[in-house]
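Beneath this line is the structure, given in structure tokens, with notes to follow.
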Protein chains: 2
Amino acid sequence: MVKYQNDPLSTTFQALADPTRRAILARLALGEASVGELAEPYAMSLPAVSKHLKVLEGAGLLARERDGRVHRCHLEPQAMRAAADWIAEYRRFWEAQLDQLARYLERGPAPLSRIKENSDEPGEPET
Amino acid sequence: MVKYQNDPLSTTFQALADPTRRAILARLALGEASVGELAEPYAMSLPAVSKHLKVLEGAGLLARERDGRVHRCHLEPQAMRAAADWIAEYRRFWEAQLDQLARYLERGPAPLSRIKENSDEPGEPET
DNA sequence: CCTATATTTAACCATATGGTTAAATATCAA
DNA sequence: TTGATATTTAACCATATGGTTAAATATAGG
């Protein structure tokens, strides 16, 4: 019954599944920042942000160098690439389905239902 | 204090943050399948899989058509694209950092430490 | 109508998550 | 040393998550 969420990809996606954390990553894409700087835009407490940072760090998305008492955080690209790669692996499949959808919207419902030639279905706008 | 995890992107990443669910998506990339067929490879109970499917459905990654008593599930590409797009948006940033890393590994630690010319660091294999 | 099959719902449980406040730790600077 | 600043740790809380088993629902087919 015990949950054991250990594989790196799960951990990475989990880390990305929070808007605050994604915003932090977005901020970090502009350049490194201290914990305080990262926390500043948010209503939540510093410890809350600290936890978010630990999650990102645990997922390998972020690393830090301590410079005296200030921790400078920066993006760590590898984990993000792993996530991107997973999605990319299935890209052709869902891409194909998007194409089908596009064709559907373009030509109207399914060739097969076309057999009955004069269907009373409402016409699609010809975008 | 109430958690309210509502934005679609968070929901999608959350859905991807589980190996069983990712495996289900992978299976579905090969073609549509019934709930029973999807559940078959796993040790867990049918209700557990049913819940996973509901999560994927809620994230917009999967849709189903009921065909009598059997629910045929298929990939729903749009949400996946949204996730891919989010990652892609930052691609150039972490790509840049990967380049830095690559250069680092290729040329040995930092130009600045190069000043001392004959370092005793072990040489990198010349891949 | 009866029964088997496909799937979901309900109730429950343990652990994880995301937040809080208060206290601890470490460093800077006077 | 003393105090301010940067950050984490600890303890706590409510809700979410991922699983279970047992029961409910819906359809298929003799």
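Labels below follow one simple rule: chain letters A, B, ... track the order of the sequence lines, proteins then strands, and each chain is numbered from 1.
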Rounded distance in Å - [atom1] ([X]) to [atom2] ([N]):
X	N	atom1	atom2	value
A/D18	D/dT17	CG	C1'	15 Å
B/K51	C/dT7	NZ	C1'	15 Å
B/E40	C/dA6	CD	C1'	15 Å
A/F13	C/dA16	CZ	P	21 Å
B/L38	C/dT8	CG	P	10 Å

Looking at [N], I'd like to know if its phosphate oxygens (OP1 or OP2) sit under 4.0 Å from a side-chain N or O belonging to [X].
X	N	answer
B/H52	D/dT17	no
A/K54	D/dT9	yes
A/S45	C/dT20	yes

Value for CG (A/L25) from CZ (B/F93), rounded to nearest 0.5 Å, stands at 12.0 Å

Inset, instruction - Select base, sugar-phosphate, or nothing to describe what A/R72 touches, counting heavy atoms under 4.0 Å on all strands. - result: nothing

Open item on the list: By the 4.0 Å heavy-atom rule, please label B/R64 as base, sugar-phosphate, or nothing.
Closed with: sugar-phosphate

Problem set entry | Check: A/R21 side chain, A/L16 main-chain N or O, donor-acceptor pair, under 3.5 Å | no

Using 4.0 Å as the upper bound for N to carboxylate O, is an ion pair formed by A/R91 and A/D85? no

Is the closest basic N to carboxylate O distance between B/R27 and B/E32 below 4.0 Å? no

Result for 5'-nearest mapping on DNA chain C, choosing between A/R66 and A/P47, is A/P47

The residue, B/S50 or A/T20, whose nearest nucleotide of DNA chain C is more 5′ is B/S50

Taking C/dA6, C/dT17, D/dT17 as options, the one with an atom nearest any side-chain atom of B/V70 is C/dA6

Any donor-acceptor pair, under 3.5 Å, between the side chain of B/R69 and the base of C/dT7, if you only look at N and O atoms? no

